[in-house]
Protein chains: 2
Amino acid sequence: MSIDLLFQNIEKHIVLTDKEKSMLSDFLEEKTFRKRHYFVQEGQYANYSAFVTKGCMRSYYVDTNGFEHILQFAIEDWWIADMMSYTTGKEARLNIDALENTEALLISRENQLKLFEVCPKFEKYFRIITENGIVSIQNRLLENMSLLAPERYANFVKKYPILNQRLPQTQIAAFLGITPEFLSKIRNRG
Amino acid sequence: MSIDLLFQNIEKHIVLTDKEKSMLSDFLEEKTFRKRHYFVQEGQYANYSAFVTKGCMRSYYVDTNGFEHILQFAIEDWWIADMMSYTTGKEARLNIDALENTEALLISRENQLKLFEVCPKFEKYFRIITENGIVSIQNRLLENMSLLAPERYANFVKKYPILNQRLPQTQIAAFLGITPEFLSKIRNRG
DNA sequence: TAAAACCCTTAATCTAGATTAATGTTTTTT
DNA sequence: AAAAAACATTAATCTAGATTAAGGGTTTTA
């Protein structure tokens, strides 16, 4: 069962009783996304967060010149959401779509907050993964400010070897903040 | 009392009883930092988080060429920490120092986690401000990727007019990811 | 199975912002 | 009050990476 992947993820941080597992289960929705289909679109109220159990999604911002800037990839075992819209209830500024045919477990913000009330353990879990999220994005920001593109790419490969194999170059370039042409140059001894 | 500023900050998100306030108070330490003195240095175990009640601090990374890249400013009513070291217990890679004579309330990670056990309301508070932190730094990353320096500076001024007045240009430049020379040019009709 | 649609490569040219350097001002320390 | 340190300005030169463009490959869709 795909929900077991989520249970395992949660149990890296807290211990769950069977009752808590079934409670969580009741608050989730299973959904599949065909390649290139949207989970979130700019302008929507994105009050769902997704835990990917199969496939790959990405969140990205489209700038005023139409260029895409990728904030996050999410393969199996990763959460993805427009955190701004999800937590504040305002309109999303990000898009989230599937780069492969994808299966995910969705939780609404409403259900998440209910879960926190009923069982503070879940609040602890999300507090921890949110802390980890901050650390990881702070690190990325500092890398963007202090490293040249070839070094950033080397770190990407080291950190996410699977993504480097699995994703098209265009997507990796849009994540690193460079053009696909320049990434091509880097890859072929630039 | 300077701790009232923290109570007010917390009560934007949750309601506190007098008992909870005094409990929190017991877990905090008051400390002052003279201008240019360190709260955290690279290589230390930075197991304290600071809530600034007066003055200004900054967290920054020093790259291999000796350049400083500022991750965060914290004036009155802001928390600041090396989140990586604070949450994982590993050695800090950031420095945090005072840009002005500063007063702050410190909480150790140990006490914070105790507080969460004793009173889950505090876990909720920190979950919320951590969520807000993610949103804000995600936004900054996307701005860095999608905007030119003059636009980033304009947004900075709009978002933090006080910091723009209060901080030297060198510090603002190190936050925006540009040189002070180029910021000078931008400011004088660039 | 053809034709879109997407994806990758290479190379010439261009530009946002860095670097260097010189000069002046303001703030801090002695 | 002097000296030192930090801060700001301006301008010439330089460079990491963008842009443009053209050609070839591969995967999807009809």
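Note on naming: letters A, B, ... go to the chains in the order of the sequence lines (proteins, then strands), and numbering restarts at 1 for each one. For the numbers below, each heavy atom of this structure counts, side chains included, while hydrogens, waters and symmetry mates do not. Worth saying up front: this structure is predicted, and the values here are computed from it rather than measured.
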message: Does a side-chain N or O of B:Arg152 approach OP1 or OP2 of C:dG17 to a distance below 4.0 Å, or not?
response: yes

- prompt: So, for A:Met145 and B:Gly177, which heavy atoms are closest and what is the spacing to 0.1 Å?
  reply: SD-CA, 4.2 Å

field: C:dT9 phosphate, OP1 or OP2, under 4.0 Å from A:Gln169 side-chain N/O
entry: yes

query: How many Å lie between CD1 on B:Ile172 and P on D:dC7, as a whole number?
result: 12 Å

- prompt: Just how far, in rounded Å, is P of C:dG17 from CE of A:Met145?
  reply: 15 Å

statement: To the nearest angstrom, the CZ-C1' distance between A:Arg166 and C:dC7 comes to 19 Å

message: Return the NE2 to CG distance between A:His69 and B:Asn144, rounded to the nearest 0.5 Å.
response: 11.0 Å

- prompt: A:Gln171 has an atom CD; how far is it from atom P of C:dC7, in whole Å?
  reply: 7 Å

- prompt: Which nucleotide, D:dA8, D:dG17, C:dA18, lies nearest any side-chain atom of B:Ile178?
  reply: C:dA18

Please table the atom pairs, donor to acceptor, closer than 3.5 Å between any side-chain atom in residues 111-134 of chain B and protein atoms at least two apart or in another chain.
residue, atom, partner, partner atom, Å
B:Asn111, ND2, B:Phe27, O, 3.2
B:Gln112, OE1, B:Tyr86, OH, 3.2
B:Gln112, OE1, B:Arg109, NH1, 2.8
B:Glu117, OE2, A:Lys124, NZ, 3.4
B:Lys121, NZ, B:Val15, O, 2.9
B:Lys121, NZ, B:Glu20, OE1, 2.9
B:Lys121, NZ, B:Glu20, OE2, 3.2
B:Glu123, OE2, A:Arg127, NE, 2.8
B:Glu123, OE2, A:Arg127, NH2, 2.8
B:Lys124, NZ, A:Glu117, OE2, 3.4
B:Tyr125, OH, B:Asn9, OD1, 2.8
B:Tyr125, OH, B:Trp79, NE1, 2.9
B:Arg127, NE, A:Glu123, OE2, 2.9
B:Arg127, NH1, B:Glu131, OE1, 3.2
B:Arg127, NH1, B:Glu131, OE2, 3.2
B:Arg127, NH2, A:Glu123, OE2, 2.7
B:Thr130, OG1, B:Phe126, O, 2.5
B:Glu131, OE1, A:Arg109, NH2, 2.9
B:Glu131, OE2, A:Arg109, NH1, 3.1

message: Under a plain distance cut-off of 3.5 Å, with no hydrogens placed, do A:Glu103 and A:Ser2 share a side-chain donor-acceptor pair?
response: no

query: Tell me: CG of A:Asn101 to P of D:dT28, nearest whole Å?
result: 10 Å

task: Could you run through nucleotides 20-30 of chain C and give me one letter per nucleotide, 5' to 3': B if any protein heavy atom sits under 4.0 Å from the base, S if only the sugar-phosphate is that close, - if neither?
output: BB------S--

- prompt: Starting at CZ of A:Arg187 and ending at P of C:dT9, how long is that distance when rounded to a whole Å?
  reply: 7 Å

query: At under 4.0 Å, does any side-chain N or O of B:Thr179 touch on OP1 or OP2 of C:dA18?
result: yes

message: Both conditions, 6.0 Å and 45 degrees, for the charged tip of B:Arg166 above the ring of B:Tyr160: are they met here?
response: no

- prompt: Whole Å only: how far is the CG atom of A:Asp97 from the P atom of C:dC6?
  reply: 12 Å

Any donor-acceptor pair under 3.5 Å from A:Thr32 side chain to A:Thr102 backbone: no

- prompt: Taking the side chain of A:Phe182 as heavy atoms from C-beta outward, which of D:dA18, C:dT10, C:dC8 is closest to it?
  reply: D:dA18

field: A:Tyr38 to A:Asp97 - nearest heavy-atom pair and separation
entry: CD2-CB, 3.8 Å

message: Whole angstroms only, please: what is the CD-C1' distance between B:Glu151 and C:dG17?
response: 14 Å

query: Of all the choices, D:dT9, C:dC8, D:dG17, which nucleotide is nearest to the side chain of A:Thr170 once you look at every atom?
result: C:dC8

- line: Per atom distances to the B:Leu148 side chain, the nearest of D:dG17, C:dA16, D:dA8 is C:dA16

